[in-house]
2 protein chains.
Amino acid sequence: MKVNIHSVAREAGVSIATVSKVINHTGSISEQTRKKVLAAMDKLNYHRDIAAASLRGKRTNAIGLLVPDISNPFYADIARSIEDRSHELGFSVMMCNTDNDTDKEKTYLSLLTSQRIDGLVVASAFRSTDLLEELMEKQGVPIVLIASEIPKLSINTITVDDYKGGYLAASHLLSLGHKRIAIIAENVRSNEPRLAAFKHAMQEAGLPVPDDYIVKTEALIQKGYESAKQLLSLKERPTAIFACNDLLAAGVIQAAKERDLSIPYDLSVVGFDNTVLSTTTSPMLTTVSQPIKEMGAKVVELLMQEMEASRPYKERLLLSPKLIVRQSTASLP
Amino acid sequence: MKVNIHSVAREAGVSIATVSKVINHTGSISEQTRKKVLAAMDKLNYHRDIAAASLRGKRTNAIGLLVPDISNPFYADIARSIEDRSHELGFSVMMCNTDNDTDKEKTYLSLLTSQRIDGLVVASAFRSTDLLEELMEKQGVPIVLIASEIPKLSINTITVDDYKGGYLAASHLLSLGHKRIAIIAENVRSNEPRLAAFKHAMQEAGLPVPDDYIVKTEALIQKGYESAKQLLSLKERPTAIFACNDLLAAGVIQAAKERDLSIPYDLSVVGFDNTVLSTTTSPMLTTVSQPIKEMGAKVVELLMQEMEASRPYKERLLLSPKLIVRQSTASLP
DNA sequence: CTGAAAGCGCTAACAC
DNA sequence: GTGTTAGCGCTTTCAG
């Protein structure tokens, strides 16, 4: 029933070795037998089993991509750009959602690697760094991180300069005359520099950041909404909120509307990521843009290099974010 | 270097069969040797090779998911719901983007199946139906379609009732007194019933639908924007637009804003899908909601059933859409 | 130019 | 309770 290399060999009246050779364009075979084999493959509708081939050492021309949550537009865009560049280079990509959950990370890691992908892109925060390390060191799987970092690991990494991004956002708000600025951050590593930069900028401006002006939560619109609600009901309510990603910012906008606060007149909001959301919200979101397209392309290229030959030095590429000013921020009256 | 079942066996001083048995909880082994093996596995940091196991007939507990474009929030949500239900049931999911491209469909199909996934969910429009058919019939791969249909194939399918959805949208606009209603549809099968229902409702109301009131395009905000621009510059400009998905609708809103048309007073807009976008746009979008969560859960359950034993009858489940009225539609002055 | 044979890592009879 | 062995579908020396 199942058509494999044997069926084809039988049909063509040759050995399986010969079939393998025509499949892989290796060795040399006469034009005549090549045709015979091709015809047999066609007739039986043969598809080579990539997994079995890779078991024997062949490349799969596929890479794996681990993201925390594909329904976050930022990661969807990252996935898009990686897919595009990979496709140009002749590679397929298989994506998996980790939800920043250690168990899922583990499961998908072993699933993906035993599927014998040729390389792995990790966009997930990754709690279990030892697993990744083992994979790189012991198993020699090429790995590149994108939009996530693991400082203690020597690993190729591409991120935006999160510190600079945070600083950009804070400075913008400060330059608009805001003094009571709150921040909503996601509880992942990439948000730490954003928060640090924010605090730093505030300190430079001689402004306090009360504890209750700092909220940490998950990257969900709903969470942004809840956090903003809490912030907006403080006695000393902030006049501006820096939301560490667009999802959160979208939630902030909803909360403000519910309270009949006009954005940007009663409340300024800046987001981060410059995803679709930032142009569909109203007012459109002032946000810090990550060069997603470039990051995706670069990560794929780096991975390919690493696949060619593991290099002794790992790169750590920091791309510059840009502030995109739209309509969600205004100067204090 | 590579740690496999042999290394573990050697380390534990047993045979590979014994190791296999403790891994799979099959046969019976004494508590003592079990411990020994477990200890060896732990010491060597052994991970079983799922691909090799499946080559020998074992299940992988993984399913594949083919979507057209994960950066469309609708598919991201579909993926989310499938991931969630699968995870509850102990399955992993590997997603791939086809971009409705025949070559990619082919590549990913053979990649996924030779990775020996236990089943496949297809949310992609799928041009190459013969490939799917062969996979089902000849190779016996359990397949379920979600939010996409292939009428001529006998295959498990879960979709929303697109006809009803289109009818709901059109009727709503009609009941608001609109007479000049345009439609922007995506050029895929699922949009055909939406368009047909729209025409039907218009006809019932005795209203004409001029050819230039029907635009077909791709599911991209940008395309929605362009289409709307075109529609809005007609001499007889429509007073309402039915955009066949939220992405398109978001584009329409942008175009209207650019032209200083107020929504819903100068132009009513209804979308389809009820994705995140519909609550972040302003005004919030009146849209037709698909029960994504239920659809995702159901598709997984159906797939599991099919995996247990291929049933002679295939199901075709049509879920009811619902009209969600928000602020982007109003009655004609 | 073609084929026989070994083996990738694993599971599942079947012996012992 | 444990081990031997025969493959799963494929690639790759190495002979002929």
Side-chain angles (χ1 to χ4, degrees), chain A residues 1-38 40-41 44-62 110-111 113-118 138-140, chain B residues 1-38 40-41 44-62 110-111 113-118 138-140:
Chain A
M1 197 69 254
K2 197 86 203 288
V3 27
N4 55 23
I5 202 171
H6 284 101
S7 347
V8 176
R10 204 179 314 123
E11 176 73 29
V14 296
S15 75
I16 60 165
T18 305
V19 176
S20 175
K21 276 168 199 148
V22 350
I23 295 172
N24 297 293
H25 308 102
T26 53
S28 50
I29 46 251
S30 74
E31 189 53 25
Q32 197 191 358
T33 43
R34 216 180 66 86
K35 286 231 177 80
K36 263 198 313 195
V37 171
L38 253 21
M41 281 173 39
L44 299 183
N45 210 307
Y46 169 76
H47 296 287
R48 143 165 161 290
D49 189 314
I50 302 175
S54 75
L55 191 57
R56 203 63 190 73
K58 259 256 152 179
R59 284 211 176 162
T60 55
N61 279 335
S110 81
L111 184 64
T113 53
S114 68
Q115 304 299 11
R116 286 146 204 289
I117 45 160
D118 296 338
K138 299 246 181 79
Q139 305 212 43
Chain B
M1 195 71 253
K2 199 84 203 287
V3 27
N4 57 21
I5 200 171
H6 285 101
S7 349
V8 176
R10 202 178 317 122
E11 175 73 28
V14 296
S15 76
I16 61 164
T18 304
V19 176
S20 175
K21 276 170 199 148
V22 349
I23 295 172
N24 297 291
H25 307 102
T26 53
S28 49
I29 46 251
S30 73
E31 189 54 27
Q32 198 191 357
T33 43
R34 216 179 67 85
K35 285 229 177 80
K36 261 197 315 198
V37 171
L38 254 21
M41 282 174 37
L44 300 182
N45 211 307
Y46 168 78
H47 296 287
R48 142 164 161 288
D49 188 315
I50 302 175
S54 75
L55 191 58
R56 203 61 192 74
K58 258 261 156 175
R59 286 213 175 159
T60 55
N61 280 334
S110 83
L111 184 64
T113 55
S114 69
Q115 303 301 8
R116 287 145 206 289
I117 45 160
D118 296 337
K138 299 244 181 78
Q139 305 212 43

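By convention in this document, chain letters (A, B, ...) are assigned in the order of the sequence lines, proteins followed by strands, and residues within each chain are numbered from 1.
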Return the value, rounded to whole Å, for the distance between atom NZ of A:K2 and atom C1' of D:dG7. 15 Å
Please give, in whole Å, the distance from D:dT11 P to A:N61 CG? 13 Å
Separation between CD1 of B:I23 and NZ of B:K58, rounded to the nearest 0.5 Å: 9.5 Å
Would you mind reading off the distance between A:L111 atom CG and C:dG9 atom C1', rounded to a whole angstrom? 16 Å
What is the distance from CD of A:E31 to C1' of C:dT2, rounded to the nearest Å? 16 Å
Proximal nucleotide (of C:dT11, D:dG3, D:dG9) relative to the B:I16 side chain: C:dT11
How many angstroms lie between CD1 in A:I5 and OG1 in A:T18, if you round to the nearest 0.5 Å? 9.5 Å
Counting only side-chain nitrogens and oxygens, does B:S28 get under 4.0 Å of the OP1 or OP2 atom of D:dG1? yes
Comparing A:R56 with B:S20, nearest DNA chain C nucleotide closer to 5' gives the residue A:R56
Begin with the C-alpha distance, continue with both residues' side-chain angles, and end with the deciding distance and a verdict on side chain to side chain contact (heavy atoms under 4.5 Å, CB included) for B:L38 and B:K35. CA-CA 5 Å; B:L38 254 21; B:K35 285 229 177 80; 5.6 Å; no
Closest to the side chain of A:S15, out of C:dG3, C:dT11, D:dT4, is C:dG3
Proximity to the side chain of B:S30 - top-ranked nucleotide from D:dG9, D:dT2, C:dT2: D:dT2
A:R48 vs A:N24 side-chain heavy atoms within contact, under 4.5 Å: yes
Between the protein and nucleotides 14-16 of chain C, which nitrogen or oxygen pairs come in under 3.5 angstrom?
none

Report the nucleotide, chosen from D:dT12, D:dG9, D:dG3, that has the shortest atom-to-atom distance to any side-chain atom of A:A52. D:dG9
To the nearest angstrom, the NZ-P distance between B:K36 and D:dT2 comes to 8 Å
B:D118 side chain vs B:T60 backbone, donor-acceptor pair below 3.5 Å: yes
When rounded to whole Å, the NE2 to C1' distance for the pair B:H6 and C:dG7 reads 10 Å
Go through D:dC10, D:dT12, C:dC10 for me and flag the one nearest to the A:I5 side chain. D:dC10
Quick one: is C:dC10 close enough that its OP1 or OP2 comes under 4.0 Å of any side-chain N or O from B:S54? no
What does A:T26 touch in the nucleic acid at a heavy-atom separation under 4.0 angstrom: a base, only the sugar-phosphate, or nothing? nothing
For C:dT2, take OP1 and OP2 only and decide whether either is under 4.0 Å from a side-chain N or O of A:T18. no
Phosphate oxygens OP1/OP2 of C:dG9: is one of them under 4.0 Å from a side-chain N or O of A:R116? no
Pair A:N4-A:D49, side chain to side chain contact (heavy atoms under 4.5 Å, CB included): steps then yes or no: CA-CA 8 Å; A:N4 55 23; A:D49 189 314; over 6 Å; no
Comparing B:I29 and B:A53 on DNA chain D - which has the more 5′ nearest nucleotide: B:I29
By nearest atom, which of the nucleotides C:dG9, D:dC10, D:dT11 is closest to the B:L55 side chain? C:dG9
Got a donor-acceptor contact below 3.5 angstrom from the A:S54 side chain to the A:G57 backbone? no
Roughly how many Å is it from CZ in B:R48 to C1' in C:dT11, rounded to a whole number? 10 Å
Could you check whether B:N45 and A:K138, counting side-chain N and O atoms only, form a donor-acceptor pair closer than 3.5 Å? no
Against the side chain of B:N4, the closest entry in C:dG9, D:dG9, C:dT11 is C:dG9
Without decimals, in angstroms, what is the distance between B:H25 NE2 and C:dT11 P? 12 Å
